[in-house]
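This chain uses plain numbering: 1 for the first residue, then up along the sequence.
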Amino acid sequence: MVNGTSATQAMTSTETVPSGRLMRRGAALVGAMVRLQPRPFLLAVLGAVLYGISVVASSIALGKVVDHVVSPRFEGGRVATEAMALAAVALVTIGVVKASATVLRRWMAIVAKVRFDASLREKVVRRVQALSFEDHQRHRTGELLANASADPEAAAEMPSQLTHVFGVVVLFAVAGVWCFATDPLLAAIGLLILPAFAGVNALYQRQVELPATLAQTRLGEVSAVAHESFDGALVVKALGRDAAERARFQGVAERLRDAKVEVHTRNATYDVLVETIPALAIIGLVVAGAWRVDSGAITTGTLVGFINLFALLTFPLRTFGYAFGEVPRSVAGYERVRGVLDQTPPKPSNGAARLPAGPLDLDVSGLGFSYAAGPAILTGVEFHVPAGATMAVVGSTGSGKSTLVLLLARLLRPRPGTIRLGGLDTAELEPGALAGACATVFQEPFLFAATLEENILLGHRIPAAEMAAEMAEALRLAGIDQFVAALPAGPATVVGERGVSLSGGQRQRIALARALIRRPRLLLLDDATSAVDPTTEARILRGLAAERPDTTKVVVATRPATLALADTVLYLENGRVAGMGGHRELLARAPGYERLVRAYELDRTGS
């Protein structure tokens, strides 16, 4: 349950970072965008530069038009046709350049933004997929969803707006040169907006950094709680916890609302100041400019050019402010993305060993495992399963059965111990070799919101001529063929998200068919038929033994009928091997095993 702890931690960590580092982190973010999307970013900058130059050129041209076209008309009543034509051509040309530059800047800025956003999303998804199963267990799914959606979007916002900032810088540089060359006094009055804006911006950055970071963190919390509530809808409704879940979501949503209100309150104050500063500068220019015109120091056209230029500076300056206003949120989003990207995935196998052809035996020696800072789950596990044999794994809850299956599939790395398949250490196999030879079916199967056929194939390629036969065999061995044949669309039937339209036993058997269609040489079943009735389960296991005799099978099971079908039974107790042998042999010499089997029989009969 979210209780605001992560948000508090984010606040603490942000408070310990000097405010001056925010701009450096923003610069690192911009550098990341330039490296990922250099062409659209640089084209957007080019458009912004051309826009800045054209803005100054339009003000200069307007001043000239006033001096050579408008003023002569008032003074002498006539204006030369050539002057009017030249003025029209100049204004239209500058207008076309400015419009083209605006389109180029906005278009390329959007392209850079969406591509950068997409690049970050892809990188996050690739990294999450590359992380180990242990890393997945440490992160909430909702947080990862926010890392792959909201955070990249926030990260891409400021760098895309920064393209216009370069144009504003050029605009101020060109405007400053022209202003000081034309009238230093008016230039000094007008350019007072720069230190005023810099001071306001510095104050704003200090005030908004923490709320923006907190808002981005709480957005991840809302995503996590929403995902848990939707994913656990069955449990919530079955236990009548709708009101409690609504209250839980309301709590995190209100904390997100409060953080966003705080950010937007400070944004609103900043926006007012950003708009006020140029307006005050224009008032000062009008007062001082009127005096300069009256004294003959400048012409009316020059004053008009000054006022027009600083009026046009209002919008670029606001954009400049908006870009820097997005720095805290964008940096917060990017650093959350970096938090995922900076995680080190397990080193890919650099082995070159290839599994031998034919059936594979399984040999485990000195196997142990414990999660970080946790107690040992498995210790000193050793066993051998001959090629094509079936070994059942039995143990009480928490004895390490599922962990053993994850280790055999190498979803977890042994610490310590060795797992040999076909005489070869699985750690030394070439990439993809183990996945190609091994298939795992879990007690809680995952089905995608797709057709049954797509769920079973899951990207597995089968020649078109063999497709129907392979699918039919997999469904028959999994004991689900009659059910699928009775569906209106057969294997093309779409199942709901996670197979919600199917029963637990049906989902398990579809997952089993998904494993069998790959014709694995090592089949790992982690209580994969627990939701199936004992008769069907026995029929499935007998079919596997008869029709897939070359497949080595490790089955986590509890039912006595299933255990009796196994060639060997491995009995785990507190993470250690407490007995290994035939079902009847263990009943006779392993008291704990005998108690487990008897307890299941009593529970099944209701005695």
Side-chain angles (χ1 to χ4, degrees), residues 14 17-52 101-102 104-124 127 147-173 194 197-198 200-213 215-217 263 267 270 274 315-342:
T14 306
V17 177
S19 175
R21 288 184 54 189
L22 181 63
M23 299 310 295
R24 289 195 294 273
R25 291 183 290 177
L29 170 55
V30 174
M33 174 182 256
V34 174
R35 287 191 297 273
L36 285 173
Q37 301 297 331
R39 184 177 178 182
F41 185 87
L42 294 177
L43 286 175
V45 171
L46 174 62
V49 169
L50 290 177
Y51 173 81
T102 301
L104 178 63
R105 175 185 62 80
R106 291 182 178 177
W107 180 24
M108 287 295 105
I110 291 173
V111 169
K113 175 183 176 181
V114 297
R115 288 184 179 177
F116 183 57
D117 184 0
S119 297
L120 288 184
R121 292 175 195 267
E122 291 172 5
K123 284 178 174 290
V124 168
R127 179 51 51 90
N147 292 148
S149 56
D151 292 334
E153 182 180 356
E157 188 65 37
M158 182 273 289
S160 65
Q161 292 189 16
L162 199 64
T163 57
H164 190 52
V165 171
F166 288 103
V168 175
V169 171
V170 172
L171 170 59
F172 273 100
L194 293 180
F197 175 75
V200 169
N201 186 67
L203 177 63
Y204 170 76
Q205 297 296 339
R206 286 195 297 271
Q207 293 295 318
V208 83
E209 179 180 359
L210 178 58
T213 302
Q216 201 65 23
T217 300
V263 171
N267 281 345
Y270 178 66
V274 167
F315 176 74
L317 192 62
R318 288 174 60 187
T319 305
F320 194 97
Y322 294 153
F324 281 94
E326 288 292 333
V327 170
R329 188 173 77 95
S330 291
V331 167
Y334 184 64
E335 292 192 341
R336 283 169 55 84
V337 169
R338 290 302 321 174
V340 176
L341 299 182
D342 289 343

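- Of all heavy-atom pairs spanning F116 and P159, the tightest one is CE2-CG, 4.5 Å.
- For the atom pair CG (L36) and NZ (K123), the distance works out to 5.5 Å, reported to the nearest 0.5 Å.
- Atom-to-atom distance recorded for E153:CD and S330:OG is 10.0 Å, nearest 0.5 angstrom.
- Applying the side chain to side chain donor-acceptor pair (under 3.5 Å) rule to R338 yields the partners D342; only residues at least two apart in sequence or on another chain are considered.
- A search for side-chain contact (heavy atoms from CB on, under 4.5 Å) contacts involving V49 returns V45, I53, V170, not counting sequence neighbours.
- In this structure, CZ on R105 lies 10.5 Å from OG on S160, to the nearest 0.5 angstrom.
- Residues meeting the side-chain contact (heavy atoms from CB on, under 4.5 Å) test with V34, sequence neighbours left out: V30, F41.
- Considering only heavy atoms from C-beta on, E335 comes within 4.5 Å of V331 through its side chain.
- At distances below 3.5 Å, not a single donor-acceptor pair connects side-chain atoms of R336 with backbone N or O atoms of N147.
- Remark: R115 engages no residue in a side chain to side chain donor-acceptor pair (under 3.5 Å) (not counting sequence neighbours).
- Atom CE of M108 sits about 11.5 Å away from atom CG of L42, to the nearest 0.5 Å.
- Not counting sequence neighbours, the partners of E157 by the side chain to side chain donor-acceptor pair (under 3.5 Å) test are K113, Q161.
- In this structure, CG in D151 is found 10.0 Å from CG in L120, a value given to the nearest 0.5 Å.
- Note on residues 31-47: pairs passing side-chain hydrogen bond (donor to acceptor under 3.5 Å, both in side chains), not counting sequence neighbours, are Q37-S119.
- Residue A101 comes nearest to L50 through the heavy atom pair CB-CB, 3.7 Å, listed as atom of the first residue, atom of the second, then distance.
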